Amino acid sequence: MEVLRRIHETALASPGRAAMIYNGEPVDYATFWRLIVRCRDQLGPQLAPPGLVVIGVENLRAAWILTLALRSLGFDTAAVRQARQAAVFDPAEVTAFVSLASTPLAGFEPPPGTPWLQLEDPASAFQDHGGPLPPLPEVKKAGGHILLTSGTTGEAKRVRRPGTAAGGPTADMLAQRAQLSGGPGAKAAEAVVNVWDLGLWTAMGYSRPLVAWLEGATVVLCQDPDPAKVFQTPGITHTMATPWHVTRLLAQPEDAFAPQPQMQLDVNGGALTPSQAREIRRRLTPNLMITLGSTETGLWARTQVATDEDLHWYALIPERVVQVVDDSGEPVPDGTLGRLRVRPRDTDARGYQGAADASAAHFQGDWFYPGDLAMLDGKGRIALLGRETDVVNVEGVKYPAAPWERALQDHLGCEGVCVLSGRWTDDIERLHVFIESRGVVTRAALEEAFRSVLWGFRDVQAHRVEALPRTPTGKVRRVDLARQLHAGAFPASPA
(Lines give C-alpha, C1' and ligand atoms only; values in the text may rest on other atoms or scores of the structure.)
Protein backbone atom coordinates (compact mmCIF):
# COMPACT_ATOMS: atom_id res chain seq x y z
CA MET A 1 0.00 0.00 0.00
CA GLU A 2 2.07 2.83 -1.39
CA VAL A 3 0.50 5.70 0.51
CA LEU A 4 1.03 3.91 3.85
CA ARG A 5 4.69 3.31 3.01
CA ARG A 6 5.19 6.97 2.06
CA ILE A 7 3.51 8.26 5.23
CA HIS A 8 5.79 5.99 7.27
CA GLU A 9 8.90 7.16 5.38
CA THR A 10 8.00 10.83 5.90
CA ALA A 11 7.26 10.18 9.58
CA LEU A 12 10.79 8.74 9.95
CA ALA A 13 12.55 11.44 7.92
CA SER A 14 10.51 14.50 8.97
CA PRO A 15 8.43 13.54 12.01
CA GLY A 16 7.47 17.12 12.85
CA ARG A 17 6.21 18.02 9.38
CA ALA A 18 2.46 18.60 9.29
CA ALA A 19 0.60 15.77 7.57
CA MET A 20 -2.72 17.55 7.99
CA ILE A 21 -4.21 20.65 9.52
CA TYR A 22 -7.75 19.91 10.66
CA ASN A 23 -9.87 22.93 11.61
CA GLY A 24 -6.68 24.79 12.42
CA GLU A 25 -5.13 21.95 14.48
CA PRO A 26 -1.94 20.45 12.98
CA VAL A 27 -1.22 16.72 13.07
CA ASP A 28 2.42 15.95 12.28
CA TYR A 29 3.50 12.90 10.27
CA ALA A 30 4.76 11.00 13.32
CA THR A 31 1.45 11.44 15.12
CA PHE A 32 -0.51 10.66 11.95
CA TRP A 33 1.40 7.40 11.58
CA ARG A 34 0.92 6.43 15.24
CA LEU A 35 -2.83 7.11 14.99
CA ILE A 36 -3.18 4.92 11.89
CA VAL A 37 -1.28 2.04 13.50
CA ARG A 38 -3.19 2.45 16.79
CA CYS A 39 -6.55 2.19 14.99
CA ARG A 40 -5.27 -0.73 12.97
CA ASP A 41 -4.29 -2.58 16.16
CA GLN A 42 -7.64 -1.82 17.81
CA LEU A 43 -9.85 -2.78 14.86
CA GLY A 44 -7.94 -5.83 13.64
CA PRO A 45 -9.05 -8.20 16.43
CA GLN A 46 -12.68 -7.05 16.14
CA LEU A 47 -13.17 -7.61 12.41
CA ALA A 48 -12.29 -10.38 10.00
CA PRO A 49 -11.35 -9.34 6.44
CA PRO A 50 -12.17 -9.31 3.63
CA GLY A 51 -15.33 -7.25 3.58
CA LEU A 52 -16.71 -3.74 3.44
CA VAL A 53 -16.68 -1.30 6.36
CA VAL A 54 -18.87 1.79 6.07
CA ILE A 55 -17.63 4.74 8.11
CA GLY A 56 -20.35 7.14 9.21
CA VAL A 57 -18.47 10.16 10.44
CA GLU A 58 -18.61 13.96 10.27
CA ASN A 59 -15.01 14.36 11.41
CA LEU A 60 -12.78 14.18 8.31
CA ARG A 61 -9.60 13.75 10.35
CA ALA A 62 -11.02 10.63 11.98
CA ALA A 63 -12.42 9.40 8.66
CA TRP A 64 -8.97 9.44 7.08
CA ILE A 65 -7.30 7.69 10.01
CA LEU A 66 -9.95 4.97 10.04
CA THR A 67 -9.94 4.54 6.26
CA LEU A 68 -6.18 4.07 5.99
CA ALA A 69 -6.14 1.70 8.97
CA LEU A 70 -8.99 -0.46 7.65
CA ARG A 71 -7.67 -0.58 4.09
CA SER A 72 -4.31 -1.75 5.40
CA LEU A 73 -6.16 -4.63 7.07
CA GLY A 74 -7.64 -5.68 3.73
CA PHE A 75 -11.10 -4.12 4.03
CA ASP A 76 -12.85 -2.09 1.40
CA THR A 77 -13.99 1.19 2.94
CA ALA A 78 -16.68 3.77 2.28
CA ALA A 79 -17.20 7.04 4.13
CA VAL A 80 -20.68 8.55 4.39
CA ARG A 81 -22.06 11.67 6.02
CA GLN A 82 -25.80 11.22 5.51
CA ALA A 83 -28.31 8.46 6.02
CA ARG A 84 -29.24 8.45 2.32
CA GLN A 85 -25.60 7.71 1.44
CA ALA A 86 -25.46 4.81 3.88
CA ALA A 87 -28.68 3.43 2.40
CA VAL A 88 -26.85 2.81 -0.90
CA PHE A 89 -25.10 -0.20 0.65
CA ASP A 90 -26.76 -3.60 0.90
CA PRO A 91 -26.56 -4.74 4.56
CA ALA A 92 -25.70 -8.24 3.36
CA GLU A 93 -22.37 -7.05 1.98
CA VAL A 94 -21.38 -4.80 4.90
CA THR A 95 -19.00 -6.29 7.46
CA ALA A 96 -19.53 -3.44 9.91
CA PHE A 97 -20.57 0.17 10.31
CA VAL A 98 -18.21 2.45 12.21
CA SER A 99 -19.08 5.84 13.68
CA LEU A 100 -17.70 8.18 16.29
CA ALA A 101 -19.59 8.17 19.57
CA SER A 102 -19.58 11.98 19.59
CA THR A 103 -20.89 12.29 16.03
CA PRO A 104 -23.34 9.48 15.19
CA LEU A 105 -24.79 9.28 11.70
CA ALA A 106 -28.09 11.12 12.14
CA GLY A 107 -31.19 9.28 10.99
CA PHE A 108 -29.52 5.95 10.36
CA GLU A 109 -28.97 2.74 12.27
CA PRO A 110 -27.47 -0.39 10.77
CA PRO A 111 -29.90 -3.26 10.25
CA PRO A 112 -30.15 -5.85 13.02
CA GLY A 113 -27.26 -8.27 12.96
CA THR A 114 -24.80 -5.87 11.30
CA PRO A 115 -22.01 -4.90 13.73
CA TRP A 116 -21.94 -1.22 14.62
CA LEU A 117 -18.71 -0.07 16.22
CA GLN A 118 -19.05 3.25 18.02
CA LEU A 119 -15.54 4.62 18.52
CA GLU A 120 -14.00 7.65 20.12
CA ASP A 121 -12.26 10.15 17.86
CA PRO A 122 -8.83 8.54 17.35
CA ALA A 123 -7.07 11.87 17.90
CA SER A 124 -9.12 13.24 20.79
CA ALA A 125 -7.34 11.52 23.67
CA PHE A 126 -4.09 10.65 21.91
CA GLN A 127 -0.83 11.42 23.72
CA ASP A 128 2.53 10.81 22.11
CA HIS A 129 4.77 9.26 24.73
CA GLY A 130 7.75 9.13 22.43
CA GLY A 131 9.75 6.03 21.63
CA PRO A 132 10.42 4.50 18.23
CA LEU A 133 7.79 4.83 15.55
CA PRO A 134 5.77 1.65 14.97
CA PRO A 135 7.19 -0.29 12.02
CA LEU A 136 5.52 -0.55 8.64
CA PRO A 137 3.05 -3.46 8.88
CA GLU A 138 2.87 -6.19 6.29
CA VAL A 139 -0.05 -5.49 3.96
CA LYS A 140 -0.80 -8.64 2.01
CA LYS A 141 -3.62 -7.06 0.02
CA ALA A 142 -4.86 -3.54 0.57
CA GLY A 143 -8.58 -2.94 0.47
CA GLY A 144 -10.23 -0.62 -2.03
CA HIS A 145 -12.28 2.49 -1.42
CA ILE A 146 -15.82 3.28 -2.57
CA LEU A 147 -16.63 6.69 -4.05
CA LEU A 148 -20.20 7.89 -4.55
CA THR A 149 -21.27 9.71 -7.71
CA SER A 150 -24.66 11.08 -8.75
CA GLY A 151 -23.67 12.96 -11.90
CA THR A 152 -25.13 10.50 -14.43
CA THR A 153 -28.51 9.68 -12.89
CA GLY A 154 -28.94 12.02 -9.92
CA GLU A 155 -28.89 9.10 -7.49
CA ALA A 156 -25.83 7.97 -5.55
CA LYS A 157 -23.95 5.14 -7.25
CA ARG A 158 -20.83 3.31 -6.12
CA VAL A 159 -17.48 3.52 -7.91
CA ARG A 160 -14.72 1.34 -6.47
CA ARG A 161 -11.11 2.48 -6.42
CA PRO A 162 -9.08 -0.74 -6.14
CA GLY A 163 -6.35 -1.59 -3.68
CA THR A 164 -3.48 -3.97 -4.42
CA ALA A 165 -0.52 -5.40 -2.56
CA ALA A 166 1.79 -2.83 -4.16
CA GLY A 167 -0.82 -0.09 -4.01
CA GLY A 168 0.95 2.06 -6.61
CA PRO A 169 -0.51 5.40 -7.67
CA THR A 170 -3.07 5.51 -10.47
CA ALA A 171 -2.54 7.50 -13.67
CA ASP A 172 -4.71 10.27 -12.27
CA MET A 173 -2.64 10.44 -9.11
CA LEU A 174 0.59 10.67 -11.12
CA ALA A 175 -0.86 13.60 -13.06
CA GLN A 176 -1.96 15.28 -9.83
CA ARG A 177 1.50 14.76 -8.32
CA ALA A 178 3.00 16.62 -11.27
CA GLN A 179 0.59 19.50 -10.61
CA LEU A 180 1.90 19.83 -7.04
CA SER A 181 5.37 20.47 -8.44
CA GLY A 182 4.07 22.71 -11.20
CA GLY A 183 2.26 25.27 -9.08
CA PRO A 184 3.56 28.78 -8.52
CA GLY A 185 7.06 28.11 -7.20
CA ALA A 186 6.29 25.18 -4.91
CA LYS A 187 8.15 21.90 -4.52
CA ALA A 188 5.81 18.93 -4.18
CA ALA A 189 6.91 18.05 -0.63
CA GLU A 190 6.41 21.68 0.43
CA ALA A 191 2.86 21.86 -0.92
CA VAL A 192 0.02 22.75 1.43
CA VAL A 193 -3.13 21.40 -0.19
CA ASN A 194 -6.52 22.70 0.95
CA VAL A 195 -9.47 20.39 0.25
CA TRP A 196 -11.89 22.30 2.51
CA ASP A 197 -14.72 19.98 3.57
CA LEU A 198 -14.65 17.66 0.56
CA GLY A 199 -15.61 14.20 1.79
CA LEU A 200 -13.91 10.88 1.12
CA TRP A 201 -16.88 9.87 -1.02
CA THR A 202 -15.89 12.51 -3.62
CA ALA A 203 -13.15 12.07 -6.21
CA MET A 204 -11.34 15.27 -5.22
CA GLY A 205 -11.78 14.76 -1.50
CA TYR A 206 -10.33 11.26 -1.75
CA SER A 207 -7.55 11.48 -4.35
CA ARG A 208 -6.01 14.87 -3.59
CA PRO A 209 -5.09 14.09 0.05
CA LEU A 210 -3.61 10.75 -1.03
CA VAL A 211 -1.50 12.50 -3.67
CA ALA A 212 -0.28 15.04 -1.12
CA TRP A 213 0.73 12.32 1.35
CA LEU A 214 2.53 10.41 -1.40
CA GLU A 215 4.74 13.50 -1.70
CA GLY A 216 5.12 14.15 2.02
CA ALA A 217 3.04 17.32 1.71
CA THR A 218 0.42 18.85 4.01
CA VAL A 219 -3.38 18.50 3.67
CA VAL A 220 -5.71 21.18 5.02
CA LEU A 221 -9.20 20.03 6.07
CA CYS A 222 -11.66 22.71 7.20
CA GLN A 223 -15.24 21.96 8.15
CA ASP A 224 -16.01 25.46 9.43
CA PRO A 225 -19.27 26.87 7.97
CA ASP A 226 -17.40 30.10 7.18
CA PRO A 227 -15.66 29.35 3.84
CA ALA A 228 -13.13 32.14 4.39
CA LYS A 229 -11.90 30.61 7.66
CA VAL A 230 -9.58 28.19 5.87
CA PHE A 231 -7.39 31.03 4.60
CA GLN A 232 -6.28 31.77 8.13
CA THR A 233 -3.97 28.79 7.57
CA PRO A 234 -0.69 30.25 6.30
CA GLY A 235 1.18 29.03 3.24
CA ILE A 236 -1.58 27.29 1.27
CA THR A 237 -0.19 26.50 -2.18
CA HIS A 238 -3.15 24.62 -3.72
CA THR A 239 -6.89 24.76 -3.08
CA MET A 240 -9.41 22.29 -4.51
CA ALA A 241 -12.92 23.66 -4.92
CA THR A 242 -16.26 23.24 -6.63
CA PRO A 243 -18.33 26.11 -8.07
CA TRP A 244 -20.38 25.88 -4.86
CA HIS A 245 -17.29 26.74 -2.81
CA VAL A 246 -16.53 29.67 -5.11
CA THR A 247 -20.09 31.02 -4.85
CA ARG A 248 -20.00 30.86 -1.05
CA LEU A 249 -16.57 32.47 -0.88
CA LEU A 250 -17.45 35.37 -3.17
CA ALA A 251 -20.55 36.06 -1.09
CA GLN A 252 -18.29 37.02 1.82
CA PRO A 253 -17.41 40.68 2.49
CA GLU A 254 -14.51 42.15 0.56
CA ASP A 255 -12.20 41.99 3.58
CA ALA A 256 -13.23 38.49 4.75
CA PHE A 257 -10.05 36.87 3.42
CA ALA A 258 -6.63 38.02 2.31
CA PRO A 259 -5.44 37.50 -1.28
CA GLN A 260 -3.41 34.33 -1.83
CA PRO A 261 -1.22 35.20 -4.85
CA GLN A 262 1.02 32.16 -4.27
CA MET A 263 -1.90 29.72 -4.47
CA GLN A 264 -3.27 27.65 -7.35
CA LEU A 265 -7.07 27.34 -7.24
CA ASP A 266 -8.32 24.21 -8.99
CA VAL A 267 -12.08 24.17 -9.63
CA ASN A 268 -13.74 20.89 -10.54
CA GLY A 269 -17.36 19.79 -10.90
CA GLY A 270 -18.73 22.58 -13.11
CA ALA A 271 -18.10 25.85 -14.86
CA LEU A 272 -17.64 29.36 -13.50
CA THR A 273 -19.23 32.47 -14.93
CA PRO A 274 -16.93 35.18 -16.33
CA SER A 275 -17.80 37.48 -13.44
CA GLN A 276 -16.96 34.76 -10.89
CA ALA A 277 -13.63 34.07 -12.57
CA ARG A 278 -12.73 37.75 -12.69
CA GLU A 279 -13.62 38.21 -9.02
CA ILE A 280 -11.64 35.13 -7.96
CA ARG A 281 -8.59 36.38 -9.85
CA ARG A 282 -8.98 39.83 -8.34
CA ARG A 283 -9.84 38.94 -4.76
CA LEU A 284 -8.15 35.58 -4.17
CA THR A 285 -5.54 34.42 -6.70
CA PRO A 286 -4.57 35.02 -10.33
CA ASN A 287 -3.73 31.31 -10.65
CA LEU A 288 -7.09 29.78 -11.58
CA MET A 289 -7.49 26.39 -13.24
CA ILE A 290 -10.72 24.57 -14.10
CA THR A 291 -10.56 20.82 -14.69
CA LEU A 292 -13.08 18.55 -16.35
CA GLY A 293 -13.50 14.93 -15.38
CA SER A 294 -15.70 12.43 -13.62
CA THR A 295 -15.55 10.09 -10.67
CA GLU A 296 -15.75 7.18 -13.09
CA THR A 297 -12.88 8.09 -15.45
CA GLY A 298 -10.83 10.79 -13.74
CA LEU A 299 -9.59 14.02 -15.34
CA TRP A 300 -9.56 14.48 -19.11
CA ALA A 301 -9.43 18.24 -19.84
CA ARG A 302 -8.32 21.46 -18.15
CA THR A 303 -8.00 25.17 -18.72
CA GLN A 304 -5.75 27.75 -17.07
CA VAL A 305 -7.98 30.80 -16.91
CA ALA A 306 -6.47 34.05 -18.13
CA THR A 307 -9.32 35.34 -20.33
CA ASP A 308 -13.07 34.85 -20.60
CA GLU A 309 -12.52 32.55 -23.60
CA ASP A 310 -10.63 30.14 -21.34
CA LEU A 311 -13.91 29.52 -19.48
CA HIS A 312 -15.45 28.10 -22.64
CA TRP A 313 -12.68 25.99 -24.21
CA TYR A 314 -10.71 23.34 -22.31
CA ALA A 315 -7.50 21.69 -23.49
CA LEU A 316 -7.77 17.91 -23.71
CA ILE A 317 -5.19 16.06 -21.61
CA PRO A 318 -2.95 14.47 -24.30
CA GLU A 319 -3.05 10.89 -23.04
CA ARG A 320 -6.87 10.83 -22.78
CA VAL A 321 -9.15 9.66 -25.60
CA VAL A 322 -12.26 11.85 -25.80
CA GLN A 323 -14.84 11.97 -28.61
CA VAL A 324 -18.03 13.82 -29.48
CA VAL A 325 -20.49 11.56 -31.31
CA ASP A 326 -24.01 11.48 -32.69
CA ASP A 327 -26.85 9.26 -31.45
CA SER A 328 -25.50 6.29 -33.39
CA GLY A 329 -22.02 6.60 -31.88
CA GLU A 330 -20.32 8.10 -34.94
CA PRO A 331 -17.92 11.03 -34.37
CA VAL A 332 -19.36 14.35 -35.50
CA PRO A 333 -17.40 17.06 -37.35
CA ASP A 334 -15.52 19.64 -35.30
CA GLY A 335 -17.77 22.53 -34.34
CA THR A 336 -20.84 20.26 -34.13
CA LEU A 337 -22.76 19.63 -30.94
CA GLY A 338 -22.93 15.98 -29.90
CA ARG A 339 -22.68 13.48 -27.07
CA LEU A 340 -19.47 13.32 -25.07
CA ARG A 341 -17.76 10.01 -24.45
CA VAL A 342 -14.46 9.15 -22.74
CA ARG A 343 -12.40 5.98 -23.02
CA PRO A 344 -11.66 4.58 -19.54
CA ARG A 345 -8.10 3.62 -18.66
CA ASP A 346 -7.15 0.32 -17.08
CA THR A 347 -7.48 1.80 -13.58
CA ASP A 348 -10.83 3.52 -14.27
CA ALA A 349 -14.26 2.19 -13.47
CA ARG A 350 -16.05 -0.04 -15.98
CA GLY A 351 -19.39 0.04 -14.21
CA TYR A 352 -21.18 0.80 -10.96
CA GLN A 353 -21.40 -1.62 -8.08
CA GLY A 354 -24.93 -2.96 -7.66
CA ALA A 355 -26.42 -0.80 -10.45
CA ALA A 356 -26.61 -2.91 -13.59
CA ASP A 357 -29.08 -0.65 -15.44
CA ALA A 358 -27.05 2.52 -14.85
CA SER A 359 -23.87 0.67 -15.83
CA ALA A 360 -25.41 -0.51 -19.10
CA ALA A 361 -26.67 2.98 -19.91
CA HIS A 362 -23.37 4.82 -19.35
CA PHE A 363 -20.66 2.21 -19.97
CA GLN A 364 -21.04 1.05 -23.56
CA GLY A 365 -18.30 -0.94 -25.26
CA ASP A 366 -14.98 0.79 -24.65
CA TRP A 367 -16.61 4.08 -23.71
CA PHE A 368 -18.08 5.95 -20.78
CA TYR A 369 -20.92 8.38 -21.56
CA PRO A 370 -21.18 10.93 -18.71
CA GLY A 371 -24.32 12.57 -20.12
CA ASP A 372 -22.74 15.82 -21.31
CA LEU A 373 -23.25 17.60 -24.62
CA ALA A 374 -20.00 18.90 -26.07
CA MET A 375 -18.20 20.31 -29.09
CA LEU A 376 -14.59 19.92 -30.31
CA ASP A 377 -12.77 22.76 -32.07
CA GLY A 378 -10.21 20.69 -34.02
CA LYS A 379 -7.34 22.24 -32.04
CA GLY A 380 -7.31 19.84 -29.12
CA ARG A 381 -9.95 21.74 -27.17
CA ILE A 382 -13.47 20.92 -26.04
CA ALA A 383 -16.48 22.91 -24.79
CA LEU A 384 -19.29 21.54 -22.63
CA LEU A 385 -22.69 23.01 -23.44
CA GLY A 386 -25.22 21.22 -21.28
CA ARG A 387 -26.63 17.83 -20.38
CA GLU A 388 -28.38 15.20 -22.42
CA THR A 389 -29.48 13.19 -19.38
CA ASP A 390 -32.28 13.86 -16.91
CA VAL A 391 -29.73 15.33 -14.49
CA VAL A 392 -29.03 19.06 -14.40
CA ASN A 393 -25.81 20.67 -13.21
CA VAL A 394 -26.02 24.05 -11.48
CA GLU A 395 -22.84 25.47 -9.90
CA GLY A 396 -21.35 21.98 -9.77
CA VAL A 397 -24.30 20.47 -7.88
CA LYS A 398 -26.18 17.68 -9.64
CA TYR A 399 -29.99 17.54 -9.39
CA PRO A 400 -32.35 14.90 -10.82
CA ALA A 401 -34.76 16.73 -13.12
CA ALA A 402 -37.61 14.22 -12.97
CA PRO A 403 -39.06 15.36 -9.58
CA TRP A 404 -39.07 18.98 -10.76
CA GLU A 405 -40.70 18.03 -14.05
CA ARG A 406 -43.48 16.05 -12.38
CA ALA A 407 -44.16 18.83 -9.85
CA LEU A 408 -44.23 21.56 -12.51
CA GLN A 409 -46.56 19.49 -14.70
CA ASP A 410 -48.92 19.05 -11.74
CA HIS A 411 -48.80 22.77 -10.87
CA LEU A 412 -49.44 23.91 -14.44
CA GLY A 413 -51.82 21.16 -15.53
CA CYS A 414 -49.92 20.81 -18.80
CA GLU A 415 -49.07 17.82 -20.98
CA GLY A 416 -45.32 17.70 -20.37
CA VAL A 417 -42.28 19.48 -18.92
CA CYS A 418 -38.56 19.10 -19.60
CA VAL A 419 -35.85 20.84 -17.56
CA LEU A 420 -32.33 21.33 -18.97
CA SER A 421 -29.28 23.17 -17.67
CA GLY A 422 -26.41 24.66 -19.59
CA ARG A 423 -24.70 27.70 -21.05
CA TRP A 424 -26.43 28.29 -24.34
CA THR A 425 -27.11 31.91 -25.30
CA ASP A 426 -24.29 33.33 -23.15
CA ASP A 427 -21.72 32.19 -20.57
CA ILE A 428 -24.21 32.04 -17.70
CA GLU A 429 -25.36 28.60 -16.54
CA ARG A 430 -29.17 28.60 -16.43
CA LEU A 431 -32.12 26.30 -16.04
CA HIS A 432 -34.32 26.06 -19.14
CA VAL A 433 -37.89 24.80 -18.67
CA PHE A 434 -39.77 23.54 -21.75
CA ILE A 435 -43.53 23.40 -21.32
CA GLU A 436 -45.80 21.36 -23.59
CA SER A 437 -49.32 22.67 -23.17
CA ARG A 438 -52.45 22.74 -25.31
CA GLY A 439 -53.96 25.33 -22.98
CA VAL A 440 -52.85 28.80 -21.98
CA VAL A 441 -50.21 29.05 -19.25
CA THR A 442 -50.37 32.50 -17.67
CA ARG A 443 -47.27 34.28 -16.41
CA ALA A 444 -48.77 34.40 -12.92
CA ALA A 445 -49.25 30.61 -12.92
CA LEU A 446 -45.73 30.11 -14.22
CA GLU A 447 -44.16 32.38 -11.60
CA GLU A 448 -46.09 30.64 -8.81
CA ALA A 449 -45.04 27.19 -10.06
CA PHE A 450 -41.40 28.22 -10.26
CA ARG A 451 -41.50 29.74 -6.77
CA SER A 452 -42.93 26.51 -5.40
CA VAL A 453 -40.69 24.05 -7.24
CA LEU A 454 -37.53 25.83 -8.37
CA TRP A 455 -36.98 28.17 -5.47
CA GLY A 456 -33.42 29.37 -5.08
CA PHE A 457 -32.60 29.35 -8.81
CA ARG A 458 -32.11 32.61 -10.65
CA ASP A 459 -32.68 33.39 -14.32
CA VAL A 460 -34.89 30.40 -15.10
CA GLN A 461 -35.82 30.51 -18.79
CA ALA A 462 -39.29 29.30 -19.80
CA HIS A 463 -40.08 28.03 -23.30
CA ARG A 464 -43.54 26.95 -24.48
CA VAL A 465 -43.58 24.28 -27.21
CA GLU A 466 -46.40 22.65 -29.12
CA ALA A 467 -44.94 19.22 -28.49
CA LEU A 468 -41.82 17.94 -26.78
CA PRO A 469 -39.66 15.74 -29.07
CA ARG A 470 -40.03 12.16 -27.94
CA THR A 471 -38.73 8.69 -28.74
CA PRO A 472 -41.16 5.96 -29.91
CA THR A 473 -41.43 4.87 -26.27
CA GLY A 474 -42.45 8.36 -25.15
CA LYS A 475 -39.17 9.47 -23.54
CA VAL A 476 -38.29 13.13 -24.12
CA ARG A 477 -35.35 13.58 -26.48
CA ARG A 478 -33.42 16.07 -24.41
CA VAL A 479 -30.55 16.21 -26.87
CA ASP A 480 -32.89 17.58 -29.56
CA LEU A 481 -34.01 20.42 -27.29
CA ALA A 482 -30.40 21.13 -26.36
CA ARG A 483 -29.37 21.35 -30.00
CA GLN A 484 -32.22 23.76 -30.68
CA LEU A 485 -31.10 25.91 -27.75
CA HIS A 486 -27.57 25.90 -29.10
CA ALA A 487 -28.85 26.96 -32.52
CA GLY A 488 -30.72 29.91 -30.99
CA ALA A 489 -34.21 28.58 -31.68
CA PHE A 490 -35.54 29.73 -28.30
CA PRO A 491 -35.09 33.42 -27.43
CA ALA A 492 -34.58 34.29 -23.77
CA SER A 493 -37.86 34.44 -21.89
CA PRO A 494 -37.29 34.70 -18.13
CA ALA A 495 -40.08 33.53 -15.88
Side-chain angles (χ1 to χ4, degrees), residues 82-85 87-88 148-159 244 269-270 294-296 327 339-340 352 354-364 368-373 384-424 429-438 441 445-485 490 495:
Q82 300 168 333
R84 64 179 178 82
Q85 293 175 321
V88 171
L148 298 177
T149 178
S150 60
T152 49
T153 66
E155 296 180 353
K157 299 177 300 302
R158 294 178 289 164
V159 176
W244 179 76
S294 66
T295 303
E296 295 86 346
D327 291 343
R339 305 172 66 202
L340 171 70
Y352 304 113
D357 290 345
S359 296
H362 295 280
F363 292 87
Q364 299 177 18
F368 169 66
Y369 291 79
D372 292 299
L373 296 170
L384 297 189
L385 293 164
R387 301 281 298 173
E388 65 159 334
T389 64
D390 54 0
V391 173
V392 299
N393 184 348
V394 181
E395 295 185 343
V397 181
K398 309 298 192 304
Y399 303 89
W404 291 346
E405 292 165 347
R406 289 193 297 269
L408 288 172
Q409 188 171 347
D410 289 342
H411 271 273
L412 298 173
C414 58
E415 281 68 49
V417 173
C418 178
V419 179
L420 297 181
S421 66
R423 300 188 294 173
W424 306 107
E429 196 170 42
R430 290 188 172 95
L431 287 180
H432 292 263
V433 180
F434 293 86
I435 301 165
E436 177 186 329
S437 178
R438 290 190 291 269
V441 177
L446 194 61
E447 291 175 349
E448 172 59 27
F450 282 13
R451 277 196 301 269
S452 300
V453 179
L454 300 177
W455 58 273
F457 294 97
R458 299 169 294 173
D459 268 343
V460 180
Q461 301 284 314
H463 311 285
R464 184 179 180 276
V465 295
E466 293 298 324
L468 292 169
R470 298 180 184 274
T471 66
T473 60
K475 186 176 182 179
V476 175
R477 293 182 59 85
R478 297 171 184 273
V479 65
D480 288 357
L481 292 172
R483 287 171 178 153
Q484 292 177 58
L485 273 172
F490 299 99

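Because the structure is a prediction, the values reported are computed rather than measured.
- Atom CG of residue L468 and atom CZ of residue F434 lie 8.5 Å apart, to the nearest 0.5 angstrom.
- For R84, the side-chain contact (heavy atoms from CB on, under 4.5 Å) partners two or more places apart in sequence, or in a different chain, are Q82.
- Checked against salt bridge (Lys or Arg N to Asp or Glu O under 4.0 Å), R464 has the following partners two or more places apart in sequence or in another chain: E466.
- A distance of 7.0 Å separates CG of D480 from CG of D327, quoted to the nearest 0.5 Å.
- Across every non-hydrogen atom of V460 and F450, the tightest pair is CG1-CE2, 3.3 Å.
- The line from NE2 of H432 to OG of S421 is 8.5 Å long, rounded to the nearest 0.5 Å.
- Take Q484 and apply the side-chain hydrogen bond (donor to acceptor under 3.5 Å, both in side chains) test, not counting sequence neighbours, and it matches no residue.
- Listed by chain and residue number, R478 satisfy the side-chain hydrogen bond (donor to acceptor under 3.5 Å, both in side chains) test with E405 (two or more places apart in sequence, or in another chain).
- A 4.5 Å side-chain heavy-atom check between V433 and L446 finds every atom pair outside the cut-off.
- Remark: side-chain polar atoms of H362 are paired, donor with acceptor, to backbone N or O of Y369 under 3.5 angstrom.
- Looking at heavy atoms from C-beta onward, F490 lies in side-chain contact with V465 at the 4.5 angstrom threshold.
- Side-chain atoms of R483 and V479, non-hydrogen and from C-beta on, do get closer than 4.5 Å to each other.
- In this structure S437 satisfies the side-chain hydrogen bond (donor to acceptor under 3.5 Å, both in side chains) test with no other residue, sequence neighbours excluded.
- In terms of heavy-atom proximity, H463 sits nearest to Q461 at NE2-CB, 3.6 Å.
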Let me check something: any side-chain donor-acceptor pairs from residues 406-414 under 3.5 Å, sequence neighbours excluded? List them with distances.
from: Q409; atom 1: NE2; to: C414; atom 2: O; distance (Å): 3.4
from: Q409; atom 1: NE2; to: E415; atom 2: O; distance (Å): 3.1

side-chain contact (heavy atoms from CB on, under 4.5 Å) between R158 and L148, worked out: CA-CA 5 Å; R158 294 178 289 164; L148 298 177; 3.8 Å; yes
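- Taking the side chain as every heavy atom from C-beta outward, L481 and V476 approach each other to under 4.5 Å.
- Scanning both residues, S359 and Y352, for their nearest heavy atoms gives OG-N, 2.8 Å.
- The side-chain heavy atoms of P370 and L340, taken from C-beta on, include a pair separated by under 4.5 Å.
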